[in-house]
Each structure stands twice: as structure tokens, then as C-alpha cells.
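Below is one structure, written out as C-alpha cells, with a few remarks after it.
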Amino acid sequence: MKLLLIHSDYIEYEVKTKAIKTPEDTTKKHDRFEEALTVFTAVEKIDEKGPSQVVKQAVEEITKTADQLKVRNIMLYPYAHLSSDLASPKKAQEILVEIEYELSQKNYNVKRSPFGWYKAFKISCKGHPLSELSREIIPGKIEEENESLKKERKLSSYWYILTQDGTLQDIDKFNFKDYNNLKKFSFYEKEKSRAVKGEPAHVTLMKKLEIADYEPASDAGNMRFYPKGRFIKKLLEQYVTRRVVDYGGLEVETPIMYDMDHPTLSKYLHRFPARQYQIESDKRNFFLRFAACFGQFLMAHDATISYKDLPLKIYEMTRYSFRREQSGELVGLRRLRAFTMPDVHALVSDMNMAMDEFKVRFDLSLSVLQNIGIDNSDIEMALRTTKDFYKENKNFIVDLVKKLGKPILVEMWDKRIFYFILKFEFNFVDMSDKASALSTDQIDIENGERYDIKFTDKNGTQKYPLILHCSPSGAIERVMYALLEKEAKKMSKGEKPMIPLWLSPTQVRFIPVGDEFVKDCKKYVDELNDVSKYLYVRADIDDREESVSKKIREAEQEWIPIILVMGEKEKEKKKFNPRFRIKELGDENKEYSIKELHNLITEKTKCYPQEPIPMQLYLSKKPKFKG
RNA sequence: GCCGAUGUAGCUUAGCCCGGUUGAGCGGCUGAUUUGUAAUCAGCAGGUCGAGGGUUCAACUCCCUCCAUCGGCUCCA
């Protein structure tokens with residue numbers, strides 16, 4: 001709804017001719033109001049979604065202004081020309097009558113000029129700074145509708161556990177004995193003594209390891225990343241992007257903000273009006289994207305696509321996507337208001353192609369997570385679909401469960417409520433028994449048409465494609481959260497935590513026993529990187545004037561995977577007795593030459609992105625970002 | 001957003017119940033030590049006690065409001 005409020009000496013009108021087919025009945029052809037706040041109003045299309053909300057917000061705005069101006073007289077004046085996207089006359093009139101009623105209940109003297117007529121009017125504006133105000137009202141939460149949607153979903157939603165052999169069991173009947181995490185995920189149940197655990201494990205770790213931190217100068221849920229955190233995030237981004245490009249994704253870049261009034265977007269947008277950041281720029285309003293869908297769909301809308309081009313895969317690593325989650329929901333790297341999200345859509349011709357592609361992307365997601373360092377035992381799968389789809393495609397679905405190799409949670413609806421017909425998620429269950437989705441893929445059967453995306457089929461006819469939405473890893477920050485929580489679990493069992501070798505900012509630390517060995521360390525660091533110009537071994541040197549044991553202690557606390565002490569012995573033999581953080585890395589009782597260490601490391605990291613060390617070579621020149 | 005808890009130096013924290021010039025460890029700086037596989041020693045600097053208001057002769061301490069963080073709830077296309 002658009003409002004134009006004018007503090008007037010008087011407002012006067014005269015009814016002339018009909019402006020619409022069935023205008024409001026009126027006997028009064030002429031009226032005048034002295035010392036009134038004249039409120040020109042235009043009810044818009046989107047107001048129809050939440051009429052009661054709009055009335056409430058409009059009344060608030062009007063009374064606020066009236067009280068400020070100390071005015072008791074209010075003239076409501078329908079004025080269609082304030083907007084180009086008007087509500088139906090019937091609805092508009094209802095809303096205006098409702099506003100009139102509410103205002104009169106609050107003891108204002110209210111007049112309303114008749115709806116649907118051309119009128120001549122005269123107005124005298126007082127002209128002081130507050131005398132002319134315009135307001136835009138967008139219905140807030142569409143509460144009633146959300147409620148009913150929720151209820152409907154609850155009523156028609158059924159929960160099962162599906163095992164590899166294809167048995168579908170009611171969730172209450174399933175024996176969870178060997179499936180503790182699935183149980184936690186399925187019931188999201190509370191364990192006995194959870195009182196006052198302090199902040200989540202990964203939050204403590206992300207600060208301690210100088211990965212990421214809260215930024216008080218920004219909005220909550222917008223993080224700062226220190227050099228080490230940025231580095232880990234960069235490598236994850238690169239790795240996921242590489243895998244999607246190998247799969248055939250065409251990487252694009254699209255804007256982070258979009259016009260709220262764009263006809264296609266606004267429909268989609270107003271289903272979830274309370275969730276975006278909004279930006280006002282000149283006279284236009286923009287929202288920050290909450291997914292990569294818009295940009296890619298708008299691009300696909302303008303593209304010329306043949307059936308031969310399908311499946312067509314479009315990809316973007318969104319830095320960032322924005323969602324204004326409720327403040328209480330935000331936690332560390334798990335749930336943010338600004339996050340980095342890989343999003344690959346696939347346009348397909350029909351359901352058969354959709355299902356084939358779904359399988360491919362299922363494998364891709366599983367493999368991406370595994371290679372990152374999150375394997376099958378760390379995740380629980382959920383699958384959501386309708387009863388009919390399940391019945392018709394049972395074998396297809398059971399095949400997915402076989403691939404995962406353990407039972408999954410299934411949610412089924414009587415009829416389709418959302419835009420997708422089939423969706424899978426891989427969920428991570430953390431130290432506090434919270435579950436969060438990582439990878440996901442959906443078969444969307446609505447948005448091809450909604451965005452008017454077309455392809456030409458064999459016969460030359462134009463068709464709407466189905467669209468798959470996939471994030472093969474989930475949000476990158478959330479992947480970091482999962483990796484940290486996974487290590488926290490290890491720590492609680494008394495095991496040493498470690499960032500996967502390919503992600504460790506420092507892989508090797510040299511500790512010279514005295515000043516005179518610093519230059520030898522430098523020589524070896526260079527040697528480690530001279531073997532190949534395409535493979536990096538990230539090494540640094542602790543040249544500070546501290547005791548050897550203190551330097552080792554600190555390297556251990558920094559989770560450095562390989563620690564090498566450099567002294568007379570090593571200089572002579574050209575061999576090291578490394579401290580390996582975990583036994584999978586190497587044998588502590590063996591001596592290693594630089595060449596052997598190089599091979600050991602690159603063997604484990606060569607299929608991952610290669611980047612040099614993101615920090616100073618010498619620890620004496622490294623600042624502390626935290627603590 | 002709702003309910004509860006917390007906020008003291010860059011970090012971790014003592015003091016607050018019962019009002020009377022904030023105390024320490026780590027880190028930083030300076031000096032000594034030149035170190036062989038998880039903390040070398042000494043000195044120095046560093047605090048509008050989250051912000052604003054109130055009560056009081058006097059507030060880190062008691063009261064109110066706000067902000068931030070944590071936990072729970074709700075929520076998570």
C-alpha cells in the first residue's frame with residue numbers, strides 16, 4: 001500500500017464521473033474537511049496477501065503522523081495513481097473501509113471520499129517540513145497463511161525409516177539401537193544432562209584457531225574471517241567449484257541484489273516477506289538474494305535452449321547469500337545471516353531425465369563431502385516426497401539408500417505442498433545433538449513455468465523444463481562448522497583433533513633448536529617447494545626466542561599436522577624425526593628425508609586445490625589476531 | 001521474536017551476595033638466557049568494570065532501560 005499524507009488547512013472534493021464499472025454507492029456528491037490530515041491511498045496487489053496486517057500497519061502509520069501533528073481530523077482519499085500494481089477494486093475498498101473503521105474506533109474524526117469515482121479536489125497544504133509524507137506499506141508476515149500452511153503440512157506429513165533392503169517402517173516402530181545419530185536426527189531429541197554446556201564446541205574452536213569470529217560492527221550473523229579462516233574457506237570454495245565444473249556446471253556470476261518490484265521476483269519473494277535484507281536506493285527498493293536461484297533463472301529465461309542442450313547445468317558459488325534469520329537462531333558458523341553457498345541448477349526436459357540427473361548429483365554430493373573430510377558415518381540422510389511419487393518410484397529411492405549404505409529418514413505428504421516433488425538432504429549431527437543440512441538436491445516442478453524458462457523440443461514446440469536445485473556441499477561456512485564439530489567430538493574422546501591435511505594452512509612447522517639453524521630451516525622450506533611448481537607444501541619456521549618444548553607445545557595447540565625439530569643432528573644426517581599429529585600421516589619411529597616428506601604430503605593432497613601458505617614464513621613476524 | 005543466564009585489560013578470569021581507589025595468569029614490550037620434542041627467568045605497559053539512566057556522601061557491586069553474547073523454545077524455502 002502506498003500512502004501520501006498531507007497536513008492540510010482544508011481538503012475539498014466534488015464527485016464527477018465513474019472511474020470503474022461498479023463504484024461505491026454515494027449520495028454525498030461534495031464534501032470538505034478543515035484542519036485535516038489528508039491521506040491519499042493506493043491499495044496494491046501484494047496487500048491482498050495480508051489485508052489485516054496492512055490495515056494494522058496503515059492505521060499505525062496514520063495515527064503516528066496524526067499524533068505528531070496533533071490533528072484529530074482525517075480524510076481518507078483513494079488515489080489509484082500512487083501505484084502501478086493495484087489491488088482489485090473490491091479488495092481495495094474493503095481495506096479502506098476497514099482502516100476508516102479502525103481510525104474512528106480510536107476517536108479520530110474520519111471522513112472517506114467515495115471509491116471508484118473521478119473527483120475534482122482542492123487541497124491546501126500547510127507546507128511545513130512534516131506536512132508532506134509518503135509511506136509504503138508491505139504486509140509483514142502473512143501469518144494466517146503461514147499458519148495454515150504449517151498446519152496443513154503437519155496434518156498430511158508422515159514419517160518413516162527406510163532401510164537398504166527396501167523396508168519402510170513407521171518411525172515409532174523402528175529399532176534405532178545401532179543408529180544413534182539417525183535417532184537424534186529423526187527425533188531431534190534432548191539428551192539427559194544438557195544443562196549449561198556453554199557455547200557450541202565449534203565456536204570456541206573457530207576463535208581459538210583464529211579461523212573466524214563475530215564482528216560486532218556488523219549485523220549479527222555476519223562473520224569476520226582471519227587469514228587462516230579465509231584460507232580454509234577459499235580452498236573449500238575452490239574444491240567444490242572444481243568438482244561442479246568437472247560435473248559439467250557452467251560457472252556464472254549474478255547480482256547480489258534485485259528489484260523488489262520486478263514482476264517475476266516479487267511473486268516468489270512475497271511468499272516469504274520477512275526474511276530478506278532490504279536496501280533503499282534512490283526511489284527503488286532492492287532485496288539481497290537469499291539463494292542463487294534468481295540470477296540463474298533470469299539468465300535461463302533469456303537464453304535460447306534446445307532439447308539437445310539438456311541437461312543444462314548452471315552454477316554459482318554465492319558470496320554471499322543473505323537470510324535475515326531470527327536473532328536467536330544464529331550460532332557461530334552453523335547458521336548465519338550472510339553465507340557462502342554453492343548452488344548448481346540443472347534444467348531437464350522431463351521426469352525421467354530429472355531422476356537420472358538426481359542420481360548423478362546424489363553421487364556428486366556424497367563424494368564431495370567425503371573428500372572434504374565428512375564421510376558417511378558423519379551424516380544422516382533425509383528424503384522428502386509425496387506418497388504417490390514414492391509408490392511409483394520405490395526402486396529408484398531404495399537404490400539411493402543402498403548407495404548411502406544405511407537407513408534414512410523419509411517424510412511423505414499426501415499431496416505436494418512445496419514446489420518440489422522430491423528432495424534429499426545430508427544432515428550433520430553435532431556435539432549438542434543439533435542437526436543441520438549440508439548437501440541437498442530437489443526436483444522443482446513449478447519454477448520453470450513461473451520464470452517462463454523455455455526450451456525447444458524435437459518437434460519444435462516450446463516447453464517448460466523441470467529444474468533441479470543442488471548444493472553439493474551445503475553452505476561453505478557450515479562445512480567448516482561440521483569439520484570443527486567433528487574434531488571436537490574426537491577431543492571429547494581424548495583423541496587429537498586436526499584440520500584435514502589438504503586444508504591445513506600450515507602443514508609443516510620447522511623448529512630450529514637455535515638461531516644458527518634458522519637458515520637451514522629456510523633452505524628446507526624452499527626445497528619442499530622446489531620439487532614441483534604445481535604442488536605446494538605449506539611450511540613455516542618458528543624462529544622466536546623460546547624454548548624448543550614451548551614451541552612444540554604451541555605447534556600442537558595450533559593443530560599443526562607435522563612438526564620437525566631442526567638441529568645439529570638433522571643438519572648432518574639430512575633426516576628428520578617428525579611428530580605426526582595422527583598416525584595415518586606417517587610413522588613417528590622412522591626418519592624422513594625432505595624428499596620423503598614431500599612425497600608423503602603431496603601424495604595426500606595432490607587432488608586438492610594447491611595454494612601457498614597464507615601467512616608469514618617466520619613466526620616471529622606473525623601477529624596474533626585473537627588471544 | 002519469546003524465556004533464562006552472562007558481560008571486568010587483546011584473551012581467560014577473581015572481586016559483586018554484604019557499596020568505600022579492580023587482583024591475577026596468558027599474550028605484548030624490555031632485558032637476561034641460546035635452548036633437542038607439550039609452558040626459561042625478571043621487569044614494564046595495559047582497565048571510562050558492555051552502554052545509558054536512577055538510588056546514595058560514595059556504585060564494578062543495588063534498581064531500571066538498552067545492546068551484545070550464550071543456552072532453551074520457535075524457526076530453518
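Residue numbering restarts at 1 for every chain, and letters A, B, ... go by the order of the sequence lines. Fair warning: this is a prediction, and the values are worked out from it, not measured in the lab. Just so you know, these numbers use all the heavy atoms, side chains as well, and skip hydrogens, waters and symmetry mates.
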Closest-nucleotide 5' rank along RNA chain B - winner of A/Gly332 and A/Arg579: A/Arg579

Closest to the 5' end of RNA chain B, once A/Val565 and A/Ala220 are matched to their nearest nucleotides, is A/Val565

Passing candidate, side chain to side chain contact (heavy atoms under 4.5 Å, CB included) with A/Ile379, options A/Asn181, A/Val429, A/Ile374: A/Ile374

Any [X] side-chain nitrogen or oxygen under 4.0 Å from OP1 or OP2 of [N]:
X: A/Ser549; N: B/rU37; answer: no
X: A/Lys550; N: B/rG27; answer: yes
X: A/Arg544; N: B/rU35; answer: no

Please tell me whether A/Tyr481 and A/His202 form a close aromatic pair, meaning their ring centres lie under 6.0 Å apart. yes

Report which part of the nucleic acid [X] touches: base, sugar-phosphate, or nothing (heavy-atom distance under 4.0 Å, all strands).
X: A/Lys569; result: base
X: A/Ala555; result: nothing
X: A/Val548; result: sugar-phosphate

Expressed in angstrom and rounded to an integer, what is the separation of [X] atom [atom1] from [N] atom [atom2]?
X: A/Lys496; N: B/rA38; atom1: NZ; atom2: P; value: 9 Å
X: A/Asp542; N: B/rA38; atom1: CG; atom2: C1'; value: 13 Å
X: A/Ile563; N: B/rG36; atom1: CD1; atom2: C1'; value: 14 Å
X: A/Asp515; N: B/rG36; atom1: CG; atom2: P; value: 14 Å
X: A/Glu215; N: B/rC67; atom1: CD; atom2: P; value: 19 Å

Any side-chain donor paired with an acceptor under 3.5 Å for [X] and [Y]?
X: A/Glu316; Y: A/Thr254; value: yes
X: A/Glu329; Y: A/Gln326; value: yes
X: A/Arg334; Y: A/Ser436; value: yes

If you go through the side-chain atoms of A/Glu570, does one of them form a donor-acceptor pair with the base of B/rG36 closer than 3.5 Å? yes

Between B/rG71, B/rG36, B/rC11, which one does the side chain of A/Lys626 approach most closely? B/rC11

Determine yes or no for a side-chain-to-main-chain donor-acceptor pair under 3.5 angstrom, with A/Gln442 supplying the side chain and A/Ile421 the backbone. no

Between B/rA59 and B/rG54, how far is it from one C1' atom to the other, in whole Å? 11 Å

Quick test of the criterion, 5.5 Å between centres and less than 30° between planes. Is A/Tyr419 stacked on B/rA77 or not? no

Is the CD atom of A/Glu253 crowded by more than 12 outside heavy atoms at less than 6.0 Å? no

I want to check something: taking the side chain as every heavy atom from C-beta on, are A/Arg323 and A/Arg337 in contact at a cut-off of under 4.5 Å? no

Can you tell me how far the CE atom of A/Met206 sits from the CG atom of A/Asp213, to the nearest 0.5 Å? 5.5 Å

Polar pairs (N or O, both sides) under 3.5 Å between protein and nucleotides 31-33 of chain B?
from: B/rU33; atom 1: O4; to: A/Glu545; atom 2: OE1; distance (Å): 2.4

Can a salt bridge be assigned to the pair A/Arg581 and A/Glu556 using a cut-off of 4.0 Å between side-chain N and carboxylate O? yes

Got a minute to check which stems RNA chain B is part of, using Watson-Crick or G-U wobble pairs under 3.5 Å, three or more consecutive? B:1-7 with B:67-73, B:10-13 with B:23-26, B:28-32 with B:40-44, B:50-54 with B:62-66

